Amino acid sequence: MQPQSLQLRIEPPSRPAESLAGLIERVTFVNEENGFSVLKVKAKGRRDLVTVVGSLPTVSPGEWLTAEGRWVQDREFGLQFRADMLNSTAPTTREGIEKYLGSGMVKGIGPIYAKKLVAKFGEKIFDVIEQESGRLEDVDGIGPKRRHRIKDAWAEQKVIRNIMVFLHSQGVSTSRAVRIYKTYGENAIEIVRANPYALAKDIHGIGFKTADQIAQKMGIPFDSIVRACAGLSHILLEATGNGHCALPLEFLEERSGQAALSG
């Protein structure tokens with residue numbers, strides 16, 4: 001049996017989650033595979049920057065961060081806010097917008113062009129990119145090619161955010177939402193809506209019970225044929241993992257009934 005982590009010893013799971021909000025000043029580390037990030041945040045009510053750790057599909061300095069989780073005292077890195085749920089939104093202040101655009105998050109814009117764009121369009125720059133991208137060419141150095149790169153990159157970021165909002169609304173944690181996005185890409189919403197039970201097959205770390213909870217939240221009937229088929233596949237897959245190549249029908253019916261009731 002694996003020993004309990006330092007986090008669990010210090011912060012018992014039963015302790016209520018806390019909230020934190022603030023401006024992302026620096027992105028210290030990002031794991032591109034699972035979205036795990038270490039962030040320095042200028043949080044409300046705190047004089048010094050705080051360290052926030054958690055998972056996000058994309059993250060950039062200048063974004064506004066909201067988080068739910070717990071404060072822990074890490075033996076090596078000191079006080080941290082370990083987030084179970086993270087959300088980031090585009091900044092609204094000129095300082096935040098310039099930091100965000102200059103971070104490299106939007107392809108085609110670096111620190112120099114970020115400064116020029118904010119000077120030209122101010123807080124309306126995001127609306128200009130999305131709705132009137134032709135006006136970007138009014139900025140010295142931006143031609144049709146760079147303008148299209150900027151608009152396409154912005155559209156991609158918007159798709160990612162929409163996917164995360166949808167998955168969070170279905171009760172999916174941020175770390176799992178990142179894995180879902182990494183697997184399904186821009187088609188994530190359509191795939192999950194069509195058959196949330198596919199998550200148990202396609203996404204590492206999501207089993208039938210978790211997929212079933214998501215499906216129930218989405219309104220899939222308890223006696224749906226889709227749920228029944230997914231449950232049978234789950235039981236047969238478990239049996240395969242235990243070395244079986246077949247199951248007696250009576251046993252399969254019994255296990256299926258138990259799974260349906262415990263769903």
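The structure displayed is predicted, hence computed values, not measured ones.
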Heavy atoms from other residues, nucleotides or ligands near [atom1] of [X] exceed 12 (cutoff 6.0 Å):
{"X": "Asp127", "atom1": "CG", "value": "yes"}
{"X": "Lys151", "atom1": "NZ", "value": "no"}
{"X": "Glu186", "atom1": "CD", "value": "no"}
{"X": "Lys182", "atom1": "NZ", "value": "yes"}

Looking at every heavy atom in both [X] and [Y], which two are closest together, and how far apart are they?
{"X": "Thr183", "Y": "Asp202", "answer": "CG2-O, 4.3 Å"}
{"X": "Ala198", "Y": "Tyr184", "answer": "O-OH, 3.6 Å"}
{"X": "Pro61", "Y": "Val27", "answer": "CD-CG2, 3.7 Å"}
{"X": "Val118", "Y": "Ile97", "answer": "CG2-CG2, 3.7 Å"}
{"X": "Phe166", "Y": "Met218", "answer": "CZ-CE, 4.5 Å"}
{"X": "Ile109", "Y": "Ala114", "answer": "CG2-N, 3.6 Å"}

State plainly whether the residues [X] and [Y] are in salt-bridge range, i.e. N to O under 4.0 Å.
{"X": "Lys120", "Y": "Asp138", "answer": "no"}
{"X": "Glu130", "Y": "Lys158", "answer": "yes"}
{"X": "Lys107", "Y": "Asp152", "answer": "no"}
{"X": "Lys115", "Y": "Glu98", "answer": "yes"}
{"X": "Glu132", "Y": "Arg135", "answer": "yes"}
{"X": "Arg70", "Y": "Asp84", "answer": "yes"}
{"X": "Glu63", "Y": "Arg161", "answer": "yes"}

Looking at [X] and [Y], would you say the former's side chain and the latter's main chain have a donor-acceptor pair under 3.5 Å?
{"X": "Arg82", "Y": "Val72", "result": "no"}
{"X": "Lys116", "Y": "Asp140", "result": "yes"}
{"X": "Ser37", "Y": "Gly35", "result": "yes"}

Working to the nearest 0.5 angstrom, can you tell me the gap between [X] [atom1] and [Y] [atom2]?
{"X": "Tyr197", "Y": "Asp212", "atom1": "OH", "atom2": "CG", "result": "3.5 Å"}
{"X": "Ile160", "Y": "Met164", "atom1": "CD1", "atom2": "CE", "result": "9.5 Å"}
{"X": "Tyr181", "Y": "Asn187", "atom1": "OH", "atom2": "CG", "result": "10.5 Å"}
{"X": "Ile150", "Y": "Leu101", "atom1": "CD1", "atom2": "CG", "result": "8.5 Å"}
{"X": "Leu167", "Y": "Ile214", "atom1": "CG", "atom2": "CD1", "result": "8.0 Å"}
{"X": "Ser133", "Y": "His148", "atom1": "OG", "atom2": "NE2", "result": "7.0 Å"}

Is there a side-chain contact between [X] and [Y] (heavy atoms, below 4.5 Å)?
{"X": "Leu23", "Y": "Leu65", "answer": "no"}
{"X": "Glu137", "Y": "Pro144", "answer": "yes"}
{"X": "Leu56", "Y": "Val178", "answer": "no"}
{"X": "Val52", "Y": "Val50", "answer": "yes"}
{"X": "Met85", "Y": "His168", "answer": "yes"}
{"X": "Leu199", "Y": "Val172", "answer": "no"}
{"X": "Thr92", "Y": "Glu123", "answer": "no"}
{"X": "Leu20", "Y": "Thr66", "answer": "no"}

Inset, instruction - Would you mind listing the cluster partners of Phe29? Hydrophobic ones only (ILVMFWY), side-chain contacts under 4.5 Å, chaining allowed. - result: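 Other cluster members: Phe36, Val38, Val53.
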
Inset, instruction - Please work out whether the ring planes of Phe126 and Trp154 are parallel, tilted or perpendicular, with thresholds of 30° and 60°. - result: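 Parallel, since the angle between the ring planes stays under 30°.
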
Legend entry - Distance-only side-chain donor-acceptor flag, Lys40 / Thr51, under 3.5 Å: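 Per modelled atom types, Lys40 and Thr51 side chains form a pair under 3.5 Å.
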
Inset, instruction - Let me know which of Leu39, Val41, Leu49 forms a side chain to side chain contact (heavy atoms under 4.5 Å, CB included) with Arg26. - result: Leu49

Inset, instruction - Report yes or no: is the cationic atom of Arg46 (NZ for Lys, CZ for Arg) closer than 6.0 Å to the six-membered ring centre of Trp71, at no more than 45° off its axis? - result: yes

Legend entry - Single-linkage hydrophobic cluster, 4.5 Å side-chain cutoff, Val59 and Ile163 together: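 Looking at the clustering, Ile163 is in a separate group from Val59.
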
Inset, instruction - Group every Ile, Leu, Val, Met, Phe, Trp and Tyr by side-chain heavy-atom contacts under 4.5 Å, then state whether Ile180 and Ile189 land in the same group. - result: yes

